[in-house]
Novice: 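Structure incoming, see below.
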Amino acid sequence: GTNAMEIMEAITTVMSTEGVLVLMDMGSALLSADTALGFLEDEQRARVRCVAAPFVEGAVAAGVVASLGSTLDEVSREAEGALRQKREHVAGEGAMTPDPNPKAATNPEETIRVTIPNPLGWHARPAARFIREASAFHADIQVRNVTKGRGPTSAKSLTGLASLGILRGHEIEISASGPEAKTALQALRPSVESGLGDSLAEPSPAATVPPTTTTDEPVPVSSGLAIGPLFFTTSAEIAVPEEKVENPDNEIDRLHKAIDEAKAAVAREQTALRSTLGKNEAAIFAAQALLLEDPDLLHRAEAAIREHRENAARAWANAYQEVAANYAQLDDEYLRQRAADVRDIGVRVLAALGVARPRVGDLPQAGILVVDDLAPAEVTALSKNVLGVICLQGGRTSHAAILLRARGVPAIAHARATFPRIGAAAATAAFDGDTGELWIDPPSAKIEALRTRMETQRIAAEEAARIRHEAAVTTDGRTVAISANLGRVGEAAAALERGAEGVGLFRTEFLFIDRQDAPSEDEQFAALRQVRETMGTRPVVIRTLDIGGDKEAPYLGLPREANPFLGERGIRVCLSRPELFQTQLRAILRAADGGDFRIMFPMITELSELREARAALDEAHRVLAQSGVPHAWPISTGIMVEVPSAAMLSDQFAVEADFFSIGTNDLTQYVLAADRGNPALARFQDALHPAVLRMIEQIVTEAHRRGKHVAVCGESASDPTAARLLIGLGVDELSLNPTRIPAIKSTIRAARHGDLQSLARRAIDLTSTTEVRSVAEGRDPA
Ligand code: PEP
Ligand code: MG
């Protein structure tokens, strides 16, 4: 538009912390945009870039780059670049500004060759640094490994760079085209020559050894004992057709469709697993969805189809296997374990192209499966015959490892050093998934002893299951309420069956995700009514919508944020969308009629939010009452204590909230500044850190001072060691994954509350999670 006021309004409407890019046409638009900027506050004006870019090409280019999470300046450079590209196409027309780099535009190829000085080659860190530096330029940059004859690949693809296998002494070629081609290469040369931040000194012998090979011992992956015959399988044996094709376009089309199909399958599995395994485990599949969009993988396969007339399956198989092999040889432990993910998505796409997936998990009789590495999808398909899994490679942080734990299949990994010695001849083995101990052809006395231990564990589990409906009372008479965390209406009956005394957390956001629009009041009412009918008059805590963070509902149009966990999440979303909130509150109040529902608000940070949420609840009640709709009133309202500020202000909240439920998943991530989903920070994803324990102690003290009830509904409640400490700290209720209820009740019955209190007092004076765990688990070094 050419109306300055409207332009200003438009700018303020879309203003965010990232800023705003304004695309200007010619003539009066330039002037009006300039005038509009004059109306803005200085601070806002600093976050606006105006570029004279063509509307269509500029907006598309800017949109693509913005979606990659680039900075405002990068986005604006991209929009401007679109103009130059357009001018190149429409030679001589519409040239508004002189081309700053005519040589680059007319002669797009600029090339340099550099020899790699890094002692360990381009492992993850220098490769990532190269990507960052290369991305700063408005240029299309490609890298080739001249020594190995590999590439070229885009300088923006980590997968691509990994696949070049760049090692010390290799010569690489960096070529660039685009307006900043020359500048980019001038800047990149010294950076690459100086090692991209790596030390160029000869590495010490220890530094050249990848971390997991410092010991040849297997590592524990998933708890439990396994004894049985060994079955060796390799996951790589897939019969891929070799025929050449006549029509590459058709074949590329087939490949795209197969990738889309694989993406849909991943999304379906993610949704299904979210309720059975928990969302952290299900998030594994989100990472796989990203790999399915990797441009490098796709380009490799497409090039093979076009240039060598390969069929889609053959071209794709070569592409993903090469990329996986390159990941597998990286120095970075975490990246190395991504090889299994690449193979997994590889096999998924092949399956969509009609190539049968090898059935790794089928054993002819009960036994132990020995695999090189296991893909996440293979874990979900393991048959009941698999008593345990030994991975020759892998490690604790592989996605398959997380899934094995979630499924309760005993497993160890990194056992390669053990197996070459015995070859592939079937033998019997036993291993302990808690310690990593492995016995090949153990003597009968050892088998006997292990079987006795397994039997003891089995009897304990059976006993726990037998008395699962009885209360959890410590030996000295303290009763702890045990309730279930539910994400779906259908899980309520199974939770009761497993011994739940009520529902301590019903995550209503699952009614909102994986759909195109928000559920209506009646839809929400129907779902909650079902929970109410299943649970009768048992207590049910309904948590209001906790969307945001890692839980998305695209139709709500939440802003893209740099740090979603620190962004508009939970109650913040509801308070800024009164209609959405009112609809949900009315549905809850109606469903609560005749039952014992309580309402809990998530992500509460300060008292004003609880007051505002309560006012909203009063309004929902008023509307229902006015139209004579039956509903529960008054209703008990509490808060999730999961933001550190709420924990620190628990004395204030204890006055006004009816109850507390501590969300240790979020409280831990916020207290320790460690993203709850980042596998590299696994050691901080444990609520037993003394800092977290001290907060819980404070919360309990303040709540009890005012006679208020405190539950814990984070994952820690289902961990026996954590449960003991939480009870020692005075927590009144544990709300957990229903499958863990029998075991946690037994843990409580076996303990004396007085001992747990002493243990908790000792734990809060320790210095780390590791110390707390070793003391609590009786591995006290002191
Ligand atoms: C928590 O944060 O501990 C919690 C129970 O909530 P959620 O995992 O749904 O964020
Ligand atoms: Mg939470």
Side-chain angles (χ1 to χ4, degrees), residues 273-283 406 482-488 491 495 500 502-514 540-553 558 563-574 598-605 609 613 638-647 650 659-678 684-689 691-693 695-696 699-700 710-719 722-723 725-726 729 731 733-738 740 744:
L273 285 170
R274 209 185 261 135
S275 56
T276 53
L277 294 180
K279 60 181 182 302
N280 285 351
E281 284 79 13
I482 300 292
S483 52
N485 287 354
L486 302 185
R488 315 243 166 212
E491 294 163 6
V503 174
L505 167 64
F506 186 88
R507 291 179 159 107
T508 56
E509 51 275 13
F510 287 102
L511 302 171
F512 285 74
I513 54 185
D514 300 323
V540 174
V541 178
I542 304 286
R543 178 171 79 181
T544 60
L545 183 62
D546 183 21
I547 213 83
D550 60 350
K551 291 172 275 196
E552 292 173 16
L558 298 179
N563 295 298
F565 276 116
L566 302 180
E568 236 199 304
R569 206 198 140 182
I571 197 71
R572 302 169 184 180
V573 172
C574 287
R598 296 131 195 228
I599 294 182
M600 173 158 77
F601 304 114
M603 286 292 292
I604 293 282
T605 307
E609 290 167 325
I639 63 163
M640 290 281 297
V641 185
E642 51 185 344
V643 178
S645 65
S650 48
F659 61 90
F660 287 166
S661 188
I662 305 176
T664 46
N665 305 339
D666 278 313
L667 187 62
T668 307
Q669 81 161 344
Y670 295 133
V671 169
L672 302 181
D675 184 334
R676 61 195 264 181
N678 184 341
F684 288 127
Q685 286 145 9
D686 189 333
L688 293 200
H689 194 282
V692 181
L693 295 181
M695 276 206 174
I696 296 174
I699 298 162
V700 172
V710 185
V712 168
C713 63
E715 287 300 303
S716 59
S718 49
D719 166 4
L725 275 156
L726 293 170
L729 289 169
V731 165
E733 172 183 346
L734 298 177
S735 185
L736 52 141
N737 179 337
R740 301 281 305 147
I744 291 297

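Predicted model, so just to flag it, every value in this text is computed and none were measured. Atoms within a ligand are numbered from 1 in the order they appear, just like the ligands themselves.
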Novice: Using a 3.5 Å distance criterion without hydrogens, assess whether the side chain of D686 forms a donor-acceptor pair with backbone atoms of L688.
Specialist: yes
Novice: Indicate, as side chain, backbone, both or neither, the part of R543 found under 4.0 angstrom from ligand 1 when only non-hydrogen atoms are considered.
Specialist: side chain
Novice: Test of understanding: given a 4.0 Å heavy-atom threshold, classify the contact between R569 and ligand 1 as side chain, backbone, both, or neither.
Specialist: side chain
Novice: In a check of side chain to side chain contact (heavy atoms under 4.5 Å, CB included) between S735 and each of I662, N485, V541, which one passes?
Specialist: N485
Novice: Using heavy atoms and a threshold below 4.0 Å, how should the contact between M640 and ligand 1 be classified: side chain, backbone, both, or neither?
Specialist: side chain
Novice: Please list, in number order, the atoms of ligand 1 under 4.0 Å from a heavy atom of G663.
Specialist: 1 (C), 2 (O), 3 (O)
Novice: Report the name of the N/O/S atom of D666 located nearest to the Mg ion (ligand 2).
Specialist: OD2
Novice: Test your reading of the model: is there a side-chain donor-acceptor pair from R740 to the backbone of S718, 3.5 Å cut-off?
Specialist: yes
Novice: Under 4.0 Å between a Lys/Arg side-chain N and an Asp/Glu carboxylate O for R569 and D666?
Specialist: yes
Novice: Ignoring hydrogens and angles, tell me if any N or O in the side chain of Y670 forms a donor-acceptor pair with the backbone of L566 under 3.5 Å.
Specialist: no
Novice: Are the side chain of S716 and the backbone of A687 linked by a donor-acceptor contact shorter than 3.5 Å?
Specialist: no
Novice: For ligand 1, which atoms sit closer than 4.0 Å to a heavy atom of R507?
Specialist: 4 (C), 5 (C), 6 (O), 7 (P), 8 (O), 9 (O)
Novice: Which atom, counting only N, O or S, brings E642 closest to the Mg ion (ligand 2)?
Specialist: OE1
Novice: Which atoms of ligand 1 are found less than 4.0 Å from any heavy atom of D666?
Specialist: 1 (C), 2 (O), 3 (O), 10 (O)
Novice: If you measure from each non-hydrogen atom of N485 to ligand 1, which part falls under 4.0 Å: side chain, backbone, both or neither?
Specialist: neither
Novice: If you count the atoms of ligand 1 from 1 in the order shown, which ones are under 4.0 Å from a heavy atom of L505?
Specialist: 5 (C)
Novice: Which atoms of ligand 1 have any heavy atom of E642 under 4.0 Å away?
Specialist: 1 (C), 2 (O), 6 (O)
Novice: If you count the atoms of ligand 1 from 1 in the order shown, which ones are under 4.0 Å from a heavy atom of C713?
Specialist: 5 (C)
Novice: Given 3.5 Å as the limit, does a donor-acceptor pair link the side chain of R572 with the main chain of G567, or not?
Specialist: yes
Novice: Would you confirm whether T668, through its side chain, and N665, through its main-chain N or O, come within 3.5 Å as a donor-acceptor pair?
Specialist: no
Novice: Would you find a donor on one side and an acceptor on the other, under 3.5 Å apart, between the side chain of S661 and the backbone of M640?
Specialist: no
Novice: Please could you name the atoms of ligand 1 that T664 approaches to less than 4.0 Å, counting only its heavy atoms?
Specialist: 3 (O)
